[in-house]
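Structure, as structure tokens:
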Amino acid sequence: MRLYAAVAAGGFRRYATYRMATAAGVFTNTVFGFVMAYTYSALWDARPRLGGYDQPQALAYVWIGQALFAASALFGGGFEDELIARIRTGDIAIDLYRPVDLQLWWLAGDVGRALFQLIGRGVIPMALGALAFDIALPGSPLTWLAFLLAVFLGFVVSFAVRYLVALSAFWLMDGAGAAQVASLSGMFFTGMLLPLNVFPGLLGEIARALPWSALLQIPADIYLGTHTGWGLVRAYAFQGGWALALLAVGRLLQMVATRRVVVQGG
């Protein structure tokens, strides 16, 4: 585990070197957050309690989304482009022969990336949003801890989805199409544009049952106090269940791809 902790620390340091990119990201998230916040204000003025949220809760949802946008890779981004490139060029064969677990290696690096993005690109927009708007804030430190645990589980689900996208390059030869489909799905089903609670009927039920809801909707609802007691346990079970299922599928595909590489190499 010491090795993977070092990989995670390396992922954190790697993204910490891109200071101008981080500053640009903070600016972009903040501007987009203001646009979304004013849009939500107008919408909730016209439709109070839409999705079960009052206006301060809806505004908090906006800024949580901006805080998690890069950290949870809501629209994709992170390690998958690099992994797809290594598969396409054949360099992945070197990775598969190394005495480390491929999935855990990339997971550790992505956790380091996510942690930096949460601190580097998440805290400032969230703080500015809290200063500029009347947003709901948790009244208990335990709620913050529960929220951060949900955010971490969302990180893992996000990684698992993007790992599957990257592995598709073994069969598609170019994972760009799969990555684009995943990005468009994430744009809609994470709840980044509108909370999934707003989606009507069957569409809302399907959206909330998909893994993307673990990235933003569930952490936001935990932050807002929607999930407490056994409801909180069920929310964590939902996130953990999707994480384990997707990681298991990723490991299965990794094994199939490894055999394919070994056969072709032999």
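All of these numbers come straight from a predicted model, not from anything done at the bench.
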Can you measure from CG (Leu246) to CZ (Arg251) and round to the nearest 0.5 angstrom? 13.5 Å
Side chain to side chain, Arg208 and Asn197, heavy atoms closer than 4.5 Å: yes
Heavy-atom closest contact (Gly109 atom, Val7 atom, distance): N-CG1, 3.6 Å
For the atom pair CG (Leu145) and CD1 (Ile222), what is the distance rounded to the nearest 0.5 Å? 12.0 Å
For the CG atom of Asp110 and the CH2 atom of Trp105, what is their distance to the nearest 0.5 Å? 14.0 Å
Can any side-chain N or O of Tyr163 pair as donor or acceptor with the backbone N or O of Leu107 at less than 3.5 Å? no
Centroid-centroid under 6.0 Å between Phe199 and Phe188 rings: yes
Atom pair CG (Leu215) and OG (Ser158), whose distance is rounded to the nearest 0.5 Å: 4.5 Å
Give me the other members of the hydrophobic cluster that Ile124 sits in, counting Ile, Leu, Val, Met, Phe, Trp and Tyr linked by side-chain heavy atoms under 4.5 Å, directly or via other members. Val26, Leu128
Gly225 backbone acceptor or donor facing Thr228 side chain under 3.5 Å: no
N/O donor-acceptor pair under 3.5 Å between Thr190 side chain and Met192 backbone: yes
Find out whether Leu224 and Thr143 are in side-chain contact, i.e. whether some heavy atom of one side chain is under 4.5 Å from a heavy atom of the other. no
Side chain of Gln239, backbone of Leu153: donor and acceptor closer than 3.5 Å? no
Grouping I, L, V, M, F, W and Y whenever their side-chain heavy atoms are under 4.5 Å apart, do Met187 and Leu196 come out in a common cluster? yes
Sole candidate of Phe12, Phe155, Tyr15 that passes ring pair (Phe, Tyr, Trp, His ring centres under 6.0 Å) when paired with Phe116: Phe12
Exactly one of Thr28, Asn29, Thr30 clears side chain to side chain donor-acceptor pair (under 3.5 Å) with Arg121, and that residue is Asn29
Does Trp212 reach the side chain of Val157, with side-chain heavy atoms less than 4.5 Å apart? no
Is Ile206 reachable from Leu194 through a run of hydrophobic residues whose side-chain heavy atoms are each under 4.5 Å from the next? yes
Nearest non-hydrogen partners of Gly65 and Leu216, listed with the distance: CA-CD1, 3.8 Å
From Thr226 atom OG1 to Gln57 atom CD, the distance as rounded to the nearest 0.5 Å: 6.5 Å
Are the side chain of Trp44 and the backbone of Pro56 linked by a donor-acceptor contact shorter than 3.5 Å? no
With the side chain counted from C-beta on, respond yes when Ser213 and Phe238 share a heavy-atom pair under 4.5 Å apart, and no when they do not. yes
Can you find a pair of side-chain heavy atoms, one from Pro48 and one from Gln55, that are under 4.5 Å apart? no
Honestly curious: do Leu68 and Leu193 fall in one hydrophobic cluster under the side-chain, below-4.5 Å linking rule? yes
With Trp63, which of Phe32, Phe34, Phe69 fulfils ring pair (Phe, Tyr, Trp, His ring centres under 6.0 Å)? Phe34
Between Tyr40 and Val35 (side chain of the first, backbone of the second, donor and acceptor by atom type, cut-off under 3.5 Å), is there such a pair? no
Can you see which heavy atom on Ala71 is nearest to which on Leu118, and at what distance? CB-N, 3.7 Å
What are the two closest non-hydrogen atoms of Tyr53 and Ala58, and how far apart are they? CB-N, 4.1 Å
Any donor and acceptor pair, going by atom type alone, linking the side chain of Ser168 with main-chain N or O of Ala178 inside 3.5 Å? no
Check for me whether the distance between the ring centres of Phe147 and Tyr223 falls short of 6.0 Å. yes
Tightest non-hydrogen contact, residues Ala220 and Tyr61, listed as CB-CD1, 3.6 Å
Any donor-acceptor pair under 3.5 Å linking the side chain of Gln103 with the backbone of Leu247? yes
When you measure from the side chain of Tyr4 to the backbone N and O of Val100, does any donor-acceptor pair fall under 3.5 Å? no
Starting at CG of Leu167, measure out to CD of Gln254 and round the result to the nearest 0.5 Å. 7.0 Å
Do the side chains of Arg19 and Thr22 get nearer than 4.5 Å, heavy atoms only? no
I'd like to know if Phe79 and Val165 are part of one continuous hydrophobic network [Ile/Leu/Val/Met/Phe/Trp/Tyr, side-chain heavy atoms within less than 4.5 Å]. no
Evaluate side chain to side chain contact (heavy atoms under 4.5 Å, CB included) for Leu164 paired with Phe159, printing each intermediate quantity in order. CA-CA 9 Å; Leu164 290 175; Phe159 165 82; over 6 Å; no
Ignoring hydrogens and angles, tell me if any N or O in the side chain of Arg47 forms a donor-acceptor pair with the backbone of Leu50 under 3.5 Å. no
Quick one, Val156 with Val111, criterion side chain to side chain contact (heavy atoms under 4.5 Å, CB included). Give me CA distance, side-chain angles, the key distance, then yes/no. CA-CA 8 Å; Val156 179; Val111 167; 5.5 Å; no
Identify whether the distance between the nearest side-chain nitrogen and carboxylate oxygen of Glu80 and Arg113 falls below 4.0 Å. no
Would you mind reporting whether Leu59 and Ser41 have side-chain heavy atoms less than 4.5 Å apart? yes
Say whether Val256 and Val249 are linked into one hydrophobic cluster, either directly or through other cluster members, by side-chain heavy-atom distances under 4.5 angstrom. yes
